[in-house]
Amino acid sequence: MASAAASTAAVPTLAPPLEQIHQLAVELRLLLPGVRVGEARETTKEFNPETFWRRLNAAAVNVSREATTLTEVFSRVPLPSPQETQRFCEQVRAAITAIIAVYYSLPKDQGITLRKLVRNATLDIVDGMAQLVDVLFITPAHSPENSDLISYNSVWTACQQVPRIPRDNKAAALSMLTKSVDFVKDAHEEMEQAVEECDPYCGLLNDTEDNSDNHGNEEDDGLGCPNNRDLYWSEEDQELIIPCLALVRASKACLKKIRISVAENGKKDQVAQLDDIVDISDEISPSVDDLALSIYPPMCHLTVRINSAKLVSVLKKALEITKASHVTPQPEDSWIPLLINAIDHCMNRIKELTQNELEL
């Protein structure tokens, strides 16, 4: 009798299913910081790219399968037993641990840019699984909200993206440069549209204008009214915008030419130089955004000048790094001096138009 009691006491009591699910979500989120800063595992084995990508794809398929299984059993009633829930949770943990381990097996010498893409894909999968588990814990089974949230959950999408990851550092660099070109292109188009319409806040003042009509003879220069100079460009502002737009066009041209040079002349084994090009090119789009935001009224000409100078500094550094790398075989005959001249011309004009701000 005492032996039976001792045996029963030795068996740990399992938490209820939903409590186990909640704990699983917590554990998955605790893995994210480690993946963000995790280093490649040291190994004496020679890296085999084919084996790595086969393992990563298989791990993503396994995560997707476990996500589907977990969704099916927790989207109906009755919920699984505590013992069954424990088994399902362990399978999810194993699948997530496995794909993280595959990511850690990618050495740094394969390229930092490539590792970033694989890391981001891994983070998306872990975070997506945590989101799914949260939905299953918070939302009752069979509820419409449950179906809607699960149908748009990101874990399956993240797993499907794994086969689309570039397979080497050159391909990864081209992928990142293409994104940078697209970001700058979008920023330039938005700036041009605002300038063409001569209305930086197009459509945002309609309600204000309607309300002011209803209130009779209010002051036109009141806050929010059409003649408020804080909402429109002065002639001086519009003159300054011209070289700013030209500088953003030059930024777009720089990125395009850098991308073409990497595509045509980039070598897969020159991973460090490709990483350097991508790192500095990644700074161009945020710098363009800073300049674009600073041209909106009320415009501070000194801020525009400062942001322009920051962008010029990043552009020149990107061109210098590209010129010194293997992707520019004949730097003396290249397009780089022409772009530097265009950038300098824009900056000189911005300086002329903002000189009064320095003298105040």
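For the numbers below, each heavy atom of this structure counts, side chains included, while hydrogens, waters and symmetry mates do not.
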Taking the side chain from [X] and the backbone from [Y], do they hold a donor-acceptor pair closer than 3.5 Å?
{"X": "T303", "Y": "M299", "result": "no"}
{"X": "N62", "Y": "A58", "result": "no"}
{"X": "T328", "Y": "A324", "result": "no"}
{"X": "R115", "Y": "L106", "result": "yes"}
{"X": "W233", "Y": "I295", "result": "yes"}
{"X": "H326", "Y": "K267", "result": "yes"}
{"X": "R76", "Y": "E72", "result": "yes"}
{"X": "K170", "Y": "A263", "result": "yes"}
{"X": "D275", "Y": "T113", "result": "yes"}
{"X": "S261", "Y": "K257", "result": "yes"}

Side chains of [X] and [Y]: closer than 4.5 Å at any heavy-atom pair?
{"X": "D290", "Y": "K310", "answer": "no"}
{"X": "L255", "Y": "R259", "answer": "no"}
{"X": "L174", "Y": "P166", "answer": "no"}
{"X": "D282", "Y": "S180", "answer": "yes"}
{"X": "H345", "Y": "P243", "answer": "no"}
{"X": "S154", "Y": "D124", "answer": "no"}
{"X": "T85", "Y": "S81", "answer": "no"}
{"X": "I21", "Y": "F88", "answer": "no"}

| request: Could you go through the side chain to side chain contact (heavy atoms under 4.5 Å, CB included) check for T71 and W156 one step at a time? | output: CA-CA 12 Å; T71 301; W156 290 284; 3.5 Å; yes
| request: Could you walk me through whether Q91 and R65 pass the side chain to side chain contact (heavy atoms under 4.5 Å, CB included) test, one step at a time? | output: CA-CA 10 Å; Q91 290 172 183; R65 181 169 54 245; over 6 Å; no
Flag yes if [X] and [Y] sit in one hydrophobic cluster, no otherwise; membership is Ile, Leu, Val, Met, Phe, Trp, Tyr, and two members link when side-chain heavy atoms are under 4.5 Å apart.
{"X": "F183", "Y": "I284", "value": "no"}
{"X": "L247", "Y": "L293", "value": "no"}
{"X": "V61", "Y": "I125", "value": "no"}
{"X": "I112", "Y": "V278", "value": "no"}
{"X": "I165", "Y": "F47", "value": "yes"}

| request: Check each of E90, R93, M129 against L24 using the side-chain contact (heavy atoms from CB on, under 4.5 Å) test, and report the only one that passes. | output: R93
Which pair of non-hydrogen atoms, one from [X] and one from [Y], has the smallest distance, and what is that distance?
{"X": "N169", "Y": "L114", "value": "OD1-N, 3.0 Å"}
{"X": "L339", "Y": "A250", "value": "CD2-O, 4.3 Å"}
{"X": "I277", "Y": "V327", "value": "CD1-CG2, 3.9 Å"}
{"X": "P82", "Y": "Q20", "value": "O-NE2, 3.1 Å"}
{"X": "L311", "Y": "S287", "value": "CD1-CB, 3.7 Å"}
{"X": "T322", "Y": "I336", "value": "C-CD1, 4.5 Å"}

[atom1] of [X]: more than 12 outside heavy atoms within 6.0 angstrom?
{"X": "H22", "atom1": "NE2", "answer": "no"}
{"X": "E50", "atom1": "CD", "answer": "no"}
{"X": "F52", "atom1": "CZ", "answer": "yes"}

Reported [atom1]-to-[atom2] distance for the pair [X] and [Y], which is rounded to 0.5 angstrom:
{"X": "D276", "Y": "K317", "atom1": "CG", "atom2": "NZ", "value": "9.5 Å"}
{"X": "N48", "Y": "W53", "atom1": "CG", "atom2": "CH2", "value": "12.5 Å"}
{"X": "T354", "Y": "I350", "atom1": "OG1", "atom2": "CD1", "value": "7.5 Å"}
{"X": "Q23", "Y": "L28", "atom1": "CD", "atom2": "CG", "value": "10.0 Å"}
{"X": "S251", "Y": "L291", "atom1": "OG", "atom2": "CG", "value": "8.0 Å"}
{"X": "C89", "Y": "E66", "atom1": "SG", "atom2": "CD", "value": "10.5 Å"}

| Can K185 and E190 be said to form a salt bridge (Lys or Arg N to Asp or Glu O under 4.0 Å), step by step? | CA-CA 9 Å; K185 180 182 177 183; E190 289 176 8; over 6 Å; no
| Is the shortest distance from a Lys or Arg side-chain nitrogen in K116 or D279 to a carboxylate oxygen in the other one below 4.0 Å? | yes
| task | Go through the steps for R29 and Q131 under the test side chain to side chain contact (heavy atoms under 4.5 Å, CB included), then give the verdict. | result | CA-CA 9 Å; R29 294 199 186 284; Q131 290 181 36; 4.1 Å; yes
| task | Applying side chain to side chain contact (heavy atoms under 4.5 Å, CB included), run through V271 and Q110 and close with a yes or a no. | result | CA-CA 7 Å; V271 292; Q110 294 300 303; over 6 Å; no
| message | Any donor-acceptor pair under 3.5 Å linking the side-chain atoms of H301 with those of D237? | response | yes
